[in-house]
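Quick notes on the structure that follows.
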Amino acid sequence: MTRMTSLPDGTSVPVLGQGTWEIGDNPAAADAEQAALSRGLDLGLTLIDTAELYGNGKSEQLVGEVIRDRRDEVFLVSKVRPENAGEMSMMLACERSLERLGVDRLDLYLLHWESRHPMDEIIAGFEELVDEGLILRWGVSNLDIKAMNVLERIDGAEHCQTNQVLYNLGSRGVEFDLLPWAQERNMPLMAYSPLGRGDLLNHPVLIEVADRHDATPAQIALAAVMRQPGVIAIPKASTVAHVEANAAALEITLDEEDMAALDRAFLPPTSAQPLDII
Ligand code: NAP
């Protein structure tokens, strides 16, 4: 059963979506990847995260194939490369993404990471895309708390819907400041690489907690991130089996004993840390 959270503008979105970095890169894997994303949609993982960067547009193209007859089911997120976020370039970049995706508009468009273009110009660019109907809303990615505090003071920043950041058990720095900051503002954080790109999954404590739940380490890693209010996790899975396992993680509730074990193995932050970025 899908769980939902709300964006600042009131739009309801699932707390578990689907990432697509490296999806579409290998033509031989395309059928399996499309089947995985489609199965995810069937299971309510209707938020799909992509970016013009991924495979230089190949990820957007593959997502476009998957959603061709299912556009209305999907909350579609893409990202603009920072160098394309200037006054003249953002609309063109967005139009190219729409073309590859085969859609008229994005549900959410994110600045992929901080840009040399000034933030007020970027916000004006996003707002113009909203006015033109190319996107419904916008947000940011990889901005630390200092950058979010600067952003917040710019006209129009009240329309920012999310900050997509690295967050998983092996990288918990956001729990100290950025996550509470976002929670106070009812702005979900979108947790990217929630499985640590797969690197977390052989950890003995994760295996031990998984065994207690008759679950897999990946499911526990996702449940740990999604237990926080206002977090949307976007794991990437390229097989149907992985997507089905990820969807089933929504049913897992970690108890105090589980969290104590995880906290001993993956220390929560006790002071401010630089934002981890991949
Ligand atoms: P991730 O989701 O943490 O991990 C993906 C890895 O986990 C893949 O090797 C995948 O294998 C494996 N996996 C998935 N489900 C599994 C399961 N149930 N059991 C075992 N293994 C499983 O890594 P990610 O792709 O870096 O992050 C997720 C998404 O976040 C990206 O795809 C992208 O959309 C977004 N992202 C954004 C940024 C940014 O700068 N904004 C940066 C990084 C990522 P298979 O592929 O074989 O299924």
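Counting starts at 1 for both ligands and their atoms, in listed order.
In terms of protein heavy-atom proximity, atom 28 (C) of ligand 1 is closest to Ile234 O, 3.0 Å. Nearest to atom 7 (O) of ligand 1 among the protein's heavy atoms is Leu195 CD1, 3.6 Å. In terms of protein heavy-atom proximity, atom 31 (C) of ligand 1 is closest to Trp21 CB, 3.6 Å. With respect to atom 30 (O) of ligand 1, the closest heavy atom belonging to the protein is Tyr192 CB, 3.3 Å. In terms of protein heavy-atom proximity, atom 2 (O) of ligand 1 is nearest to Lys236 N, 2.9 Å. Of all protein heavy atoms, the one lying nearest to atom 9 (O) of ligand 1 is Arg197 O, 4.2 Å. Of the protein's non-hydrogen atoms, the one nearest atom 18 (N) of ligand 1 is Asn246 OD1, 2.8 Å. Of all protein heavy atoms, the one lying nearest to atom 40 (O) of ligand 1 is Asn142 ND2, 2.9 Å.
Here is the list of ligand 1 atoms found below 4.0 Å of a heavy atom in Ala245: 18 (N). For ligand 1, the atoms closer than 4.0 angstrom to any heavy atom of Tyr54 are 33 (C), 34 (O), 35 (C), 36 (N), 37 (C), 38 (C). Those atoms of ligand 1 that come under 4.0 Å of a heavy atom in Leu201, given as number and element, are 20 (C), 21 (N). The contact set between ligand 1 and His112, taken as ligand atoms under 4.0 Å from a residue heavy atom, comprises 39 (C), 40 (O), 41 (N). Ligand-side atoms of ligand 1 in range of Pro194: 2 (O), 3 (O), range being under 4.0 angstrom from any heavy atom. Listed by atom number, the atoms of ligand 1 under 4.0 Å from Lys79 heavy atoms are 41 (N). Taking every non-hydrogen atom of Ala218 and a distance limit under 4.0 Å, the qualifying atoms of ligand 1 come out as 17 (C), 18 (N), 19 (N), 20 (C).
Follow the hydrophobic side-chain contacts under 4.5 Å out from Val205 and you reach Ile220 in the same cluster. Clustering ILVMFWY residues whenever any of their side-chain heavy atoms sit less than 4.5 angstrom apart, transitively, puts Leu76 in the very cluster that holds Val80.
Thr216 does not count as a contact of ligand 1, since none of its heavy atoms falls under 4.0 Å from the ligand. Residue Gln18 places no heavy atom under 4.0 Å from ligand 1.
Looking at Trp21 and Asp49, their side chains never bring a donor and an acceptor atom within 3.5 Å of each other. Ser59 and Thr20 share a donor-acceptor pair across their side chains, judged by distance under 3.5 Å alone.
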Might you work through the side chain to side chain donor-acceptor pair (under 3.5 Å) test for Asp276 and Ser171, ending with a clear yes or no? CA-CA 7 Å; Asp276 289 335; Ser171 185; 2.5 Å; yes

Before giving the answer on salt bridge (charged side-chain N to carboxylate O under 4.0 Å, His left out), spell out for Lys79 and Glu52 the whole-Å C-alpha distance, their side-chain angles and the decisive distance to 0.1 Å. CA-CA 6 Å; Lys79 310 186 201 77; Glu52 61 169 327; over 6 Å; no

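Only the side chain of Ser141 comes within 4.0 Å of ligand 1, counting heavy atoms alone; its backbone N, CA, C and O stay farther away.
Ring to ring, His203 and Phe266 are close: their centroids are under 6.0 angstrom apart.
Which of Glu33, Gln219, His242 comes nearest to atom 22 (C) of ligand 1 through a heavy atom is settled by distance: it is His242.
Not a single N or O atom of Ile278, backbone or side chain, sits closer than 3.5 Å to an N or O atom of ligand 1.
Looking only at distances, a side-chain donor or acceptor of Gln161 sits under 3.5 Å from a matching main-chain atom of Asp9. A donor-acceptor pair is defined here as one N or O able to donate and one able to accept, closer than 3.5 Å; no such pair exists between the side chain of Arg68 and the backbone of Gly64. The backbone N or O of Arg81 lies less than 3.5 Å from no partner atom in the side chain of Asn84, so there is not a single donor-acceptor pair.
Note: Leu254 CG to Arg212 CZ = 9.5 Å, rounded to the nearest 0.5 Å.
In terms of heavy atoms, Gly156 sits closest to Glu127 at O-OE2, 3.9 Å.
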